[in-house]
Amino acid sequence: VQLQASGRGLVQAGDSVTLSCAASGPTFDRGDAYSLGWFRQAPGKERGFVAAISWKGAQISYADSVKGRFTISRDNVKNTVTLEMNSLKPEDSAVYYCAADEVGFRASALDAHYRYWGQGTLVTVSS
């Protein structure tokens with residue numbers, strides 16, 4: 001099982017960045033239902049929840065800090081999840097991780113619910 005994130009960037013405050021994550025492996029390739037989420041970790045801080053989406057997209061959740069600025073979406077044919085980040089702030093700077101939860105009906109904010117994790121991609125927002 002592999003989650004491959006892409007879309008790192010060095011941007012200025014107010015800019016936009018789109019992150020993508022492609023999932024591959026038996027769990028994903030055979031069409032099992034799973035949820036996908038994004039978490040982030042800034043230097044010196046614990047990893048925190050950003051956004052999540054259930055298998056069919058019926059459940060979506062966001063951290064309060066990103067509501068109205070970030071949008072999560074997924075493509076179940078391509079096994080990808082996308083995080084569109086707008087109006088970026090310096091405090092959004094972090095390593096962003098995509099993750100997969102084998103319980104497909106929820107959009108959990110708890111990292112303990114996610115079994116598979118990507119390697120992380122760095123987003124730096126300058127002021």
Side-chain angles (χ1 to χ4, degrees):
V1 173
Q2 184 176 19
L3 294 170
Q4 183 68 44
S6 61
R8 69 178 64 191
L10 173 60
V11 299
Q12 294 186 332
D15 285 351
S16 298
V17 168
T18 297
L19 303 182
S20 295
C21 179
S24 61
T27 296
F28 310 111
D29 294 343
R30 63 175 176 246
D32 290 355
Y34 59 95
S35 300
L36 291 165
W38 287 95
F39 291 76
R40 66 186 180 185
Q41 186 170 22
K45 295 187 177 181
E46 293 186 354
R47 186 171 61 194
F49 171 71
V50 177
I53 185 169
S54 62
W55 170 242
K56 293 188 176 181
Q59 304 296 327
I60 294 177
S61 59
Y62 294 98
D64 288 343
S65 59
V66 306
K67 281 181 181 177
R69 300 188 298 123
F70 290 13
T71 301
I72 188 171
S73 60
R74 65 185 294 165
D75 183 329
N76 289 345
V77 174
K78 298 180 180 179
N79 286 339
T80 58
V81 60
T82 299
L83 184 68
E84 182 180 345
M85 306 187 294
N86 300 312
S87 303
L88 283 164
K89 305 174 182 180
E91 52 264 41
D92 293 318
S93 297
V95 176
Y96 283 74
Y97 298 90
C98 60
D101 174 4
E102 293 178 309
V103 178
F105 63 79
R106 65 188 177 194
S108 177
L110 300 178
D111 58 2
H113 285 165
Y114 292 83
R115 179 175 182 181
Y116 305 108
W117 291 82
Q119 84 286 2
T121 187
L122 178 64
V123 175
T124 302
V125 184
S126 62
S127 58

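With hydrogens and angles ignored, the 3.5 Å screen pairs a side-chain donor or acceptor of Ser126 with a backbone N or O of Val11. Between the Ser35 side chain and the Ala107 main chain, no donor and acceptor come within less than 3.5 Å of each other. Side-chain atoms of Ser61 do not come within 3.5 Å of backbone N or O of Ala51 as any donor-acceptor pair. Of the possible donor and acceptor atoms, none in the side chain of Ser127 sits under 3.5 Å from a partner among the backbone N and O of Pro90. Panel note: side chain Arg47, backbone Val95; no donor-acceptor pair is recorded below 3.5 Å. Under the 3.5 Å distance criterion, the side-chain polar atoms of Tyr114 are left unmatched by any main-chain donor or acceptor of Trp38.
The line from CD of Gln4 to OG1 of Thr121 is 9.0 Å long, rounded to the nearest 0.5 Å. With rounding to the nearest 0.5 angstrom, the SG atom of Cys21 is 7.5 Å from the CD atom of Gln119.
Below 30°, between 30° and 60°, or above 60°: for Phe70 and Tyr96 the angle between ring planes is between 30° and 60°, a tilted geometry. A tilted orientation is assigned to the rings of Trp55 and Tyr34, their planes being inclined by 30° to 60°.
Nearest approach of Arg74 to Ser54, heavy atoms of both residues: NH1-O, 3.0 Å. Between Thr82 and Ser20, the shortest heavy-atom distance links the atoms OG1-OG, 3.8 Å. Of all non-hydrogen atoms in Lys78 and Asp75, the two that sit nearest each other are N-OD1, 3.1 Å. Between Glu102 and Tyr116, the closest heavy-atom pair is OE2-OH, 3.3 Å. Taking all atoms of both residues into account, the shortest heavy-atom contact from Gly7 to Val17 is O-CG1, 3.4 Å.
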Inset, instruction - Any chance you could lay out the side chain to side chain contact (heavy atoms under 4.5 Å, CB included) test for Asp111 and Trp117, step after step, and finish with the verdict? - result: CA-CA 10 Å; Asp111 58 2; Trp117 291 82; 3.7 Å; yes

Inset, instruction - Please assess Leu110 against Phe49 for the test side chain to side chain contact (heavy atoms under 4.5 Å, CB included), listing each intermediate value before the final yes or no. - result: CA-CA 7 Å; Leu110 300 178; Phe49 171 71; over 6 Å; no

Inset, instruction - Would you please test Met85 and Arg69 for side chain to side chain contact (heavy atoms under 4.5 Å, CB included) and show each step? - result: CA-CA 6 Å; Met85 306 187 294; Arg69 300 188 298 123; over 6 Å; no

Legend entry - Check against side chain to side chain contact (heavy atoms under 4.5 Å, CB included), Arg40 and Val66: CA-CA 12 Å; Arg40 66 186 180 185; Val66 306; 4.0 Å; yes

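Test Val50, Leu36, Thr18 against Leu83 for side-chain contact (heavy atoms from CB on, under 4.5 Å) and you get one pass: Val50.
Note: the hydrophobic cluster containing Ile53 also contains Leu19 (ILVMFWY, side chain heavy atoms under 4.5 Å, direct or indirect links). In this structure, Tyr97 is not a member of the same hydrophobic cluster as Leu88, with clusters built from ILVMFWY side-chain heavy atoms closer than 4.5 Å. Side-chain heavy atoms closer than 4.5 Å link hydrophobic residues (I, L, V, M, F, W, Y) into clusters, and following such links, possibly through other members, connects Val81 to Val123.
Salt-bridge check for Asp92 with Lys89: failed, with every basic side-chain N at 4.0 Å or more from each acidic carboxylate O.
Looking at heavy atoms from C-beta onward, Leu3 lies in side-chain contact with Cys98 at the 4.5 angstrom threshold.
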